[in-house]
A.B. asks: 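Below you will find the structure I want to go over with you.
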Amino acid sequence: MKIATFNINGVKARLDTLCGWLRDAAPDVALLQEIKSTDETFPREQLEDLGYTVETHGQKGFNGVAILSKLPLEDVVRGLPGDEDDAQARYIEATVTGTRSVRVCGIYLPNGNPAPGPKYEYKLAWLDRLEVRMRDVLRLEEPAVFSGDYNVIPQDEDAARPEAWREDALALPQSRAAFRRLLALGFTDALRAETQRPGLYTFWDYQAGAWDRDLGIRIDHHLLTPQAADLARSAWVEKDIRGREKPSDHVPVWIELDV
DNA sequence: ATGGTAGCAAGGCTA
């Protein structure tokens, strides 16, 4: 089972790109972030025509997440549990069953800038709630993946210019500590081993020629329960997507599970 | 210190 996470940065503006990618790359499951659409305006039919089951947790204008799957999706949860007053659409879960079941959890973590400030407080509170949810799922001792745009640069080697991010909400010590706590629960960062070779990034800013100069950061992650990690065959970044026509500022990040 | 680009949606916010 091939699972990709992809911050699409506007599904309506990216629909041709998305459909072409789904035809070529043919993920079994695609977790999308920043769909910037409501459930009603999401281009569901076009994706269903490509053979995908579609579940969305949308919002007008900003944020929004979705799961596309070639296999049926069951037991969908919309919204990160733990705060009834949180109106931002940043989280969706479902179960997909191949030769065995995998819980797939799609994440669009708050950016948190400017820090310090209320947006950063929201990011840290969201990370605390995510830790609770991940602990609960971990207890089930089943294959599960928490995949998406974490808006966290875990370590200096995950940025081309770490000094440029020193004061940024994506790399502040509290952000990194919270991410490390997620790993300490017992999760595996599926792409971590790949970062032994420098220059593994998933995002390049539209501004200041970041792509042309390869000034990227690694902020899109797959975190695997031990049961999922045992099934993991490989993990990779589809970097060339960033150089195509009208790209998102993120690229797809993949894992393949032996399921 | 600022601005640089992009999407949504129709002005400013978010990133």
Side-chain angles (χ1 to χ4, degrees), chain A residues 5-21 30-44 46-47 56-66 79-80 85-91 106-127 130 147-154 158-172 174-176 178-179 201-221 239 241-253:
Chain A
T5 178
F6 192 3
N7 181 321
I8 197 74
N9 188 24
V11 71
K12 293 190 284 286
R14 213 79 58 206
L15 188 56
D16 289 345
T17 301
L18 176 61
C19 289
W21 173 70
L31 299 158
L32 305 180
Q33 300 88 39
E34 284 206 85
I35 62 173
K36 296 185 175 179
S37 301
T38 60
D39 296 339
E40 292 72 27
T41 58
F42 189 87
R44 159 184 297 274
Q46 291 92 323
L47 302 175
T56 61
H57 181 43
Q59 178 181 343
K60 185 178 171 65
F62 307 111
N63 307 323
V65 288
L80 182 63
D85 296 329
D86 185 1
Q88 299 192 28
R90 297 178 172 275
Y91 189 81
I107 287 173
Y108 178 48
L109 220 135
N111 176 293
N113 282 302
K119 290 188 176 179
Y120 194 55
E121 294 305 310
Y122 175 66
K123 177 178 195 158
L124 295 176
W126 208 95
L127 274 157
L130 178 60
S147 307
D149 178 359
Y150 279 72
N151 268 316
V152 175
I153 303 168
D158 297 310
R161 288 190 172 171
E163 69 280 2
W165 299 90
R166 206 72 74 191
E167 309 294 320
D168 194 281
L170 277 61
L172 281 171
Q174 279 181 287
S175 305
R176 289 183 167 180
F179 186 81
Y201 310 128
T202 67
F203 168 92
W204 295 260
D205 202 294
Y206 288 122
Q207 304 180 72
W211 169 247
D212 293 331
R213 296 190 286 159
D214 199 22
L215 301 181
I217 52 177
R218 189 175 75 98
I219 55 175
D220 300 272
H221 307 297
K239 182 177 182 179
I241 290 286
R242 185 63 178 80
R244 295 193 191 166
E245 190 88 2
K246 207 171 184 288
S248 169
D249 40 7
H250 297 250
V251 296
V253 183

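Protein chains get the first letters and strands the later ones, always in sequence-line order, with residue 1 at the start of each. Values below: all heavy atoms of this structure, side chains included; hydrogens, waters and symmetry mates excluded.
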A.B. asks: Where along nucleotides 3-11 of chain B does protein come under 4.0 Å, by heavy atom, of base (B) or sugar-phosphate alone (S), with - for untouched nucleotides?
C.D. replies: -BBSBSS--
A.B. asks: Which whole number of Å gives the distance between the C1' atom of dG3(B) and that of dA15(B)?
C.D. replies: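 Pairwise C1' distance, dG3(B) against dA15(B), rounds to 15 Å.
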A.B. asks: Please name all residues satisfying side chain to side chain contact (heavy atoms under 4.5 Å, CB included) with Gln88(A), sequence neighbours left out, ordered by chain then number.
C.D. replies: Gln59(A), Asn63(A), Asp86(A), Arg90(A), Tyr122(A)
A.B. asks: For Tyr120(A) and dT14(B), what is the distance between atoms OH and C1' respectively, to the nearest whole Å?
C.D. replies: 18 Å
A.B. asks: Phe6(A) and side-chain contact (heavy atoms from CB on, under 4.5 Å): which single residue from Leu32(A), Asp220(A), Val253(A), Asp149(A) fits?
C.D. replies: Leu32(A)
A.B. asks: Check Val152(A), Asn111(A), Leu109(A) against Leu170(A) for a side-chain contact (heavy atoms from CB on, under 4.5 Å) and give me the one that passes.
C.D. replies: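 Answer to the side-chain contact (heavy atoms from CB on, under 4.5 Å) test with Leu170(A) among Val152(A), Asn111(A), Leu109(A): Asn111(A).
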A.B. asks: Report yes or no: does Tyr120(A) contribute a side-chain atom to a donor-acceptor pair with the main-chain N or O of Ser175(A) at less than 3.5 Å?
C.D. replies: yes
A.B. asks: Please list, chain by chain and in numerical order, all residues satisfying salt bridge (charged side-chain N to carboxylate O under 4.0 Å, His left out) with Asp16(A), sequence neighbours excluded.
C.D. replies: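 Residues passing salt bridge (charged side-chain N to carboxylate O under 4.0 Å, His left out) with Asp16(A): none at all.
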A.B. asks: Determine the contact category for Arg90(A): base if any of its heavy atoms lies under 4.0 Å from a base atom, sugar-phosphate if only primed atoms, P, OP1 or OP2 are that close, otherwise nothing.
C.D. replies: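 Sugar-phosphate: the residue Arg90(A), judged by heavy atoms under 4.0 Å, touches backbone atoms but no base.
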A.B. asks: Given the P atoms of dA9(B) and dT14(B), what is the spacing between them in whole Å?
C.D. replies: 15 Å
A.B. asks: Any non-hydrogen side-chain atom of Thr202(A) less than 4.5 Å from a side-chain atom of Ile219(A)?
C.D. replies: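 Contact flag for Thr202(A)/Ile219(A) side chains = yes.
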A.B. asks: How far, in whole Å, is dG11(B) from dA6(B) if one measures between their C1' atoms?
C.D. replies: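 Here dA6(B) and dG11(B) have their C1' atoms 16 Å from each other.
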A.B. asks: May I have the distance from Asp168(A) (atom CG) to dA15(B) (atom C1'), rounded to whole angstrom?
C.D. replies: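 After rounding, the reported distance stands at 10 Å.
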A.B. asks: Nearest whole angstrom, please: distance from the C1' of dT14(B) to the CG of Asn151(A).
C.D. replies: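 Computing the Asn151(A):CG to dT14(B):C1' distance gives 11 Å.
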A.B. asks: Rounded to whole Å, how long is the line connecting atom CG of Asn63(A) with atom C1' of dC13(B)?
C.D. replies: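 About 11 Å, once rounded to whole Å.
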A.B. asks: For Phe203(A), report the nucleic acid contact type (base, sugar-phosphate, nothing); a contact means any heavy atom under 4.0 Å.
C.D. replies: nothing
